[in-house]
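A short write-up of the structure that comes next.
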2 protein chains.
Amino acid sequence: MTTRDSKDSDLERSLTLLWAGRARGKRGPRSRLSVELIAQAAVRVADADGLEALSMQRIATELGYSTMSLYNHVPSKDLLLEVAADVGAGAPPELDDAADLRQSVRQWAGALWAGFHRRPWILRVPLDHAPVGPNQLAWLDRLLRPLLAAGLAGGEARAAALHLTAVVRGTAQISTSMAGEYKRDDGIPHTDADLTHVVAELIDPEDYPALTAVHAAEVADRRSEQPGVLPFELGFGVDRFLDGLESWVADRGVS
Amino acid sequence: MTTRDSKDSDLERSLTLLWAGRARGKRGPRSRLSVELIAQAAVRVADADGLEALSMQRIATELGYSTMSLYNHVPSKDLLLEVAADVGAGAPPELDDAADLRQSVRQWAGALWAGFHRRPWILRVPLDHAPVGPNQLAWLDRLLRPLLAAGLAGGEARAAALHLTAVVRGTAQISTSMAGEYKRDDGIPHTDADLTHVVAELIDPEDYPALTAVHAAEVADRRSEQPGVLPFELGFGVDRFLDGLESWVADRGVS
DNA sequence: CTAAAACTATGTACGTCATACGTTTATATG
DNA sequence: CATATAAACGTATGACGTACATAGTTTTAG
């Protein structure tokens, strides 16, 4: 773990690592290892066994090298994690240019949502500074395009993009953490859906009246959700936000 | 780190830990230690030196006990973290009953935003399942009240609450990670604001057209933001969402 | 063509961490 | 009072990140 004041040149290192212009012509043996290879191995390990299984030693054996060899290409595990997260994010989807704001945003959000569910470990990688990775920035850029095209000002587009990123990230964080099943002592597995019931019995309706009221609300059937459409838990909020955004640009167009 | 399938009874333990009905009358020596004391010590350490400084040994010495004594009251560090996060969150603010939806939500979001900035380490605590802590549920309940009062259906209120929680969480995560200052090799510290410029020079405007366009947008002066009012980066999105929510309930009221 | 310089890969070693386990000590119940 | 039981402690283990010294390899300077 990097201490807080050793952030010194980590940032510079992040940048040169992430944007490494492939240079060659130095002395010493040709390196058979590289940042890319290491990052890809890290992604493979995290995909297979999760973030907690991702150790330098594990990556090294995965690649068939000694543990310390990695440090010839990567200054620390923290930095490697950052690179791995960017690599794992992959390229954003191409958005249909003919689509309107709502369609574009929904498509973007759906893709990000799907990505977070394919690689939940990305959500566990600690965020140490503003996004600077090529892929992270590409995702941001893709979202900004329809926002700007819809007529938002620069600052507004930035804020809207931040809002949407945060929503998908945060919702996915909660959603993926609830995905696992638990085994009770009696051996019967139960999901987080039941968890709500357990909690419902624990809490005093006097202290949590709204929670108790909402608890009765039926949970949407997850199987009825088509792929490509946002699930209700995410879609409702995004749609309300888009309603507000659209009327904002409409009012703006009048003045 | 807890492996993914050892989640077995962790959940049960979480619940009994978090909702511990104080029982007394067992054998053995009176325990001078308790979950609450340990959690409070953990909060103190994290407040002082961050999450990465929070070790069992550190907490123990902080309290003047041996490391292993803690395990008489807490089954694992993961669980302790969960409790500490709930304790650190504290009680939600009392919302003005006379306030309308927009005012209430803004007040709630502002309080949560402030809380995350006071204790950034809470955002680093890995989310292992749906919120079950007394304080976490209290925050949720407080938000649900005005949403229900405004006329939202149960499922809608839940989705809206999730949306808002995710937004504040996610935005704060990015905001607090940018709060630190970095020292460059030349010794001149620079903030993440400059970071944008560094990146701006790295990227190819062809690949990131929208980013480049937005980059010119002036950054709001942070000092001009009054306390109690949401900062623009958070407020713009929340306001657009509220616009959409309000028109949603208005249309609903007609049918 | 040689030798120095620089870089890669490896092995060893250290400090820190969470936590399993055994021992001692104090207490409440029979 | 005796005994079961839990609290606190000390020691020990295995995994981890990574500093450092070494050996080996390739490029470049003379």
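All figures in this text were calculated on a predicted structure; none of them were measured in a lab. Letters A, B, ... are given to chains in the order of the sequence lines, protein chains preceding strands, and every chain is numbered from 1.
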| message | Looking at every heavy atom in both A/Gln136 and A/Pro131, which two are closest together, and how far apart are they? | response |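 Minimum heavy-atom separation between A/Gln136 and A/Pro131: CB-CB, 4.0 Å.
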| field | Pairing residues for B/Ala46 by the side chain to side chain contact (heavy atoms under 4.5 Å, CB included) criterion, not counting sequence neighbours | value |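 Side chain to side chain contact (heavy atoms under 4.5 Å, CB included) list for B/Ala46, sorted by chain: B/Leu54, B/Trp121.
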| Among A/Leu123, A/Val45, A/Leu81, A/Ile122, the one residue meeting side chain to side chain contact (heavy atoms under 4.5 Å, CB included) with A/Leu51 |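 Among A/Leu123, A/Val45, A/Leu81, A/Ile122, the one that satisfies the side chain to side chain contact (heavy atoms under 4.5 Å, CB included) with A/Leu51 is A/Leu81.
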| query | Who pairs with A/Arg118 by salt bridge (Lys or Arg N to Asp or Glu O under 4.0 Å), at least two apart in sequence or on another chain? | reply |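 With sequence neighbours excluded, A/Arg118 shows a salt bridge (Lys or Arg N to Asp or Glu O under 4.0 Å) to no residue whatsoever.
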| request: Output every pair passing side-chain hydrogen bond (donor to acceptor under 3.5 Å, both in side chains) with a member in residues 198-208 of chain A, not counting sequence neighbours, ordered by first then second residue. | output: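 Output for this query is empty, none listed.
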Atom [atom1] of [X] to atom [atom2] of [N]: distance rounded to whole Å?
X       : N      : atom1 : atom2 : value
A/Glu52 : D/dG17 : CD    : C1'   : 17 Å
B/Lys77 : C/dT19 : NZ    : P     : 8 Å
B/Leu81 : C/dC17 : CG    : P     : 14 Å
B/Asp49 : C/dC17 : CG    : C1'   : 17 Å
A/Tyr71 : C/dT12 : OH    : P     : 18 Å
B/Leu70 : C/dC17 : CG    : P     : 13 Å
A/Asp78 : D/dC16 : CG    : C1'   : 13 Å

| Quick one: CG on B/Leu140 to CH2 on B/Trp108, what's the gap to the nearest 0.5 Å? |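 That separation rounds to 7.5 Å.
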| task | Enter the distance from A/Lys77:NZ to A/Ile59:CD1 here, rounded to the nearest 0.5 Å. | result |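 Those atoms lie 7.5 Å apart.
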Would you give me the side-chain donor-acceptor pairs under 3.5 Å for residues 159-169 of chain B, sequence neighbours excluded?
residue: B/His163; atom: NE2; partner: A/His163; partner atom: NE2; Å: 3.1
residue: B/Thr165; atom: OG1; partner: B/Ala161; partner atom: O; Å: 2.7

| field | Per-nucleotide protein contact string for nucleotides 7-15 of chain D, where B marks a base within reach and S marks sugar-phosphate only (heavy atoms under 4.0 Å, - for neither) | value | SBBBB----
| said: Let me check the geometry of the helix from C/dC1-D/dG30 to C/dG30-D/dC1. What is the bend angle between the axes at its two ends, five pairs each, to 10°? | reply: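 Rounded value for the end-axis angle: 0°.
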